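Everything on this sheet refers to the single structure shown next.
We count residues from 1, following the sequence as given. Given the structure is predicted, the values throughout are model-derived calculations rather than measurements.
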Amino acid sequence: MSDDPTRVAVACQGGGSHTAFTAGVLRRLLAEPDADYDLTAFTGTSGGALCALVAWYGLRTADAATARRDLAEFWADIETRGPVDSLVNFGVVGLARLLDGGFPVAQISPAYNAGARMAKRRLRDAVEAQVDPAVLADLVAEADPSAPKLLVSAVDATDGTFEIFTDRPVEVDDGDVDRSTAWLDEHPKPLSVDAVLASASVPTVFEGVRMPDEPGGPVHEYWDGLFSQNPPIRNLLDGPDRAGAKPDEIWLVRINPRTQRGDFSTLAAIADRRNELAGSLSLAQELHFVDRVNDWIDDGVLPRERYKPVTVRELALDESRLDGERPLRTASKLDRRAGFIEDLLALGERQADDFLADRDAYHLLGPA
């Protein structure tokens, strides 16, 4: 039996402010003093992508302690500051609750909403306070194969493709590609702050991010990764030609609950559940793909020299363990109250404690 540490990829589902929970989980995973695992990859969507980026960047440029500090500082920058900001937050969350409840609420496109533009600028400032865009570009250009990998998803709203942005983009000569089916091909694109902000740009909240689809190419608009892969998982099985370079396990940090036993008789309850399901449909497909690949390996269809069975463990946000307000709702994904964010961070650390104490109890699929 090998004494090598388990190669782990952490997959972070999106979910707005609720992903402060993910930051707490990552902080605990990065704090394990005698870890028997190596965090070899991070994937994320929307708020999960922001957490994954900050953790990955801290590891690439310094160490685990720096990554833990940066995650805390990032969410401190997101929290409300002072009475005016708190009042704005109260209004935004309140309007979202009215909208989900079916009440007539006037809406303004983020493209013409000064408040939305200011909020997006603040989010960018919070990211860039922890992640220097120039240093990030250098890390992507360096593409160190021995360093942890990062995958972020967004959707190209212009041509309807699911896009992956990574620190290890692949140069592809597509001169002979049939352009009528080019949208079926997956060519990871270079990671950038813009790409991560695109992954978090819910089009009814933030205006999409406009970027060229390739160097010198036409400008496309990118939206939240909720519309593509939430989070990217199957891409972790691509890439290296050697099975040993792939993850042994994927640790999924789930924000949207898989099951919900509540009453769906009100418009608000329907809106909440619809949002949860929309955030998990693509995830179910990603997990099904991993399960099928595992079966193909066991059946001898895929060679073990290149592929290996992957175990998936799931750590899901348990709102019943929150110290503060619950239950969590669609509107609370916009809530930036300091106490709320700090409760979620603390819950993430507590649940990660339990996870590390008995990982087998969190087995979802693959080899036990």
Heavy-atom side-chain proximity of I341 to L345 below 4.5 angstrom: yes

Side chains of T45 and Q13 in contact at under 4.5 Å (non-hydrogen atoms): no

Check: D167 side chain, A143 main-chain N or O, donor-acceptor pair, under 3.5 Å: no

E73: side chain to side chain donor-acceptor pair (under 3.5 Å) partners, not counting sequence neighbours: none

Pairwise distance CZ(R254) to OG1(T22) - rounded to 0.5 angstrom: 12.0 Å

Heavy-atom check, side chain of V310 versus side chain of I250, under 4.5 Å: yes

hydrophobic_cluster_shared for F165 and V193, side chain cutoff 4.5 Å: yes

Name each donor-acceptor pair under 3.5 Å that joins a side chain in residues 56-65 to protein atoms two or more places apart or in another chain, with its distance.
unit_1, atom_1, unit_2, atom_2, d
W56, NE1, P148, O, 2.8
Y57, OH, D132, N, 3.3
T61, OG1, Y57, O, 2.7
D63, OD1, A65, N, 3.3
D63, OD1, T66, N, 2.8
D63, OD1, T66, OG1, 2.8

SB check K308 D248 (cutoff 4.0 Å): yes

Under-4.0 Å salt bridge between E249 and R7: no

Within-4.5 Å side-chain heavy-atom neighbours: T6 and D36: no

Under 3.5 Å: donor-acceptor pair, side chain of T19, backbone of G15: no

Side-chain donor/acceptor of R350 to backbone N/O of R321, under 3.5 Å: yes

Residue pair R121, D125: steps toward the salt bridge (Lys or Arg N to Asp or Glu O under 4.0 Å) verdict: CA-CA 6 Å; R121 178 70 253 179; D125 288 345; 2.8 Å; yes

Nearest-0.5 Å distance, NZ of residue K189 to CG of residue D213: 5.0 Å

Within 6.0 Å of CZ in F289, more than 12 heavy atoms from elsewhere: yes

side-chain hydrogen bond (donor to acceptor under 3.5 Å, both in side chains) between N230 and S282, worked out: CA-CA 6 Å; N230 186 24; S282 64; 5.4 Å; no

Atom CZ of F103 with >12 non-hydrogen neighbours under 6.0 angstrom: no

NE2 (H363) with more than 12 external heavy atoms under 6.0 Å: yes

Identified ring pair (Phe, Tyr, Trp, His ring centres under 6.0 Å) partner of W251 from the options Y37, F42, Y362: Y37

Polar side-chain atom of T80 near backbone of D85 as donor-acceptor pair, under 3.5 Å: no

Check ion pair D272-K333 (N to O, under 4.0 angstrom): no

